[in-house]
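All remarks here apply to the structure that follows.
Any value given below was found using the heavy atoms of this structure, including those in side chains, with hydrogens, waters and symmetry copies removed. All of these numbers come straight from a predicted model, not from anything done at the bench.
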Amino acid sequence: MTSSPTRPRRVRRTPEQARTAILDAAEALLRDRSFSALRIEEIMQVAGMTRPAFYHYYPDLAALAGGL
């Protein structure tokens with residue numbers, strides 16, 4: 001019998017919690033790099049969320065900058 005690989009459990013967040021997680025991740029990355037070096041993939045990886053989730057809350061990085 002083979003075991004199936006387990007995926008990390010999806011964390012349910014309120015919209016406010018999700019936005020906060022995204023902003024916190026971006027702020028953490030900005031400690032080591034400039035805004036122009038930020039990538040959505042990296043932000044969302046640090047936030048523990050998917051790239052499509054970013055676009056649910058922000059249309060682009062410029063919109064995210066308004067919350068920083």
Which pair of heavy atoms, one from R13 and one from G48, lies closest together, and at what distance?
-> NH1-O, 4.0 Å

Can you pull the ring-ring contact (aromatic ring centres under 6.0 Å, His included) pairs that have at least one residue in residues 43-68, sequence neighbours excluded?
-> F54-Y58

How long is the span from the CD1 atom in I40 to the CD atom in Q45, to the nearest 0.5 Å?
-> 14.0 Å

Side-chain heavy atoms of M49 within contact of I22, under 4.5 Å | yes

Shortest non-hydrogen contact from A47 toward A21 | CB-O, 3.8 Å

Side chain to side chain contact (heavy atoms under 4.5 Å, CB included) filter on S34, not counting sequence neighbours, yields S36, A37

With sequence neighbours excluded, give me every side chain to side chain donor-acceptor pair (under 3.5 Å) pair touching residues 20-33.
-> R33-E42

Sequence neighbours excluded, every pair satisfying salt bridge (charged side-chain N to carboxylate O under 4.0 Å, His left out) that has a member inside residues 44-59 = E41-R51

Minimum-distance pair of heavy atoms, taken over all atoms of A26 and L38 | O-CD2, 4.4 Å

Pair listing, salt bridge (charged side-chain N to carboxylate O under 4.0 Å, His left out) test, anchored in residues 53-68, at least two apart | none

Which atom pairs, donor and acceptor, lie under 3.5 Å between side-chain atoms of residues 61-68 and protein residues at least two apart or in another chain?
none

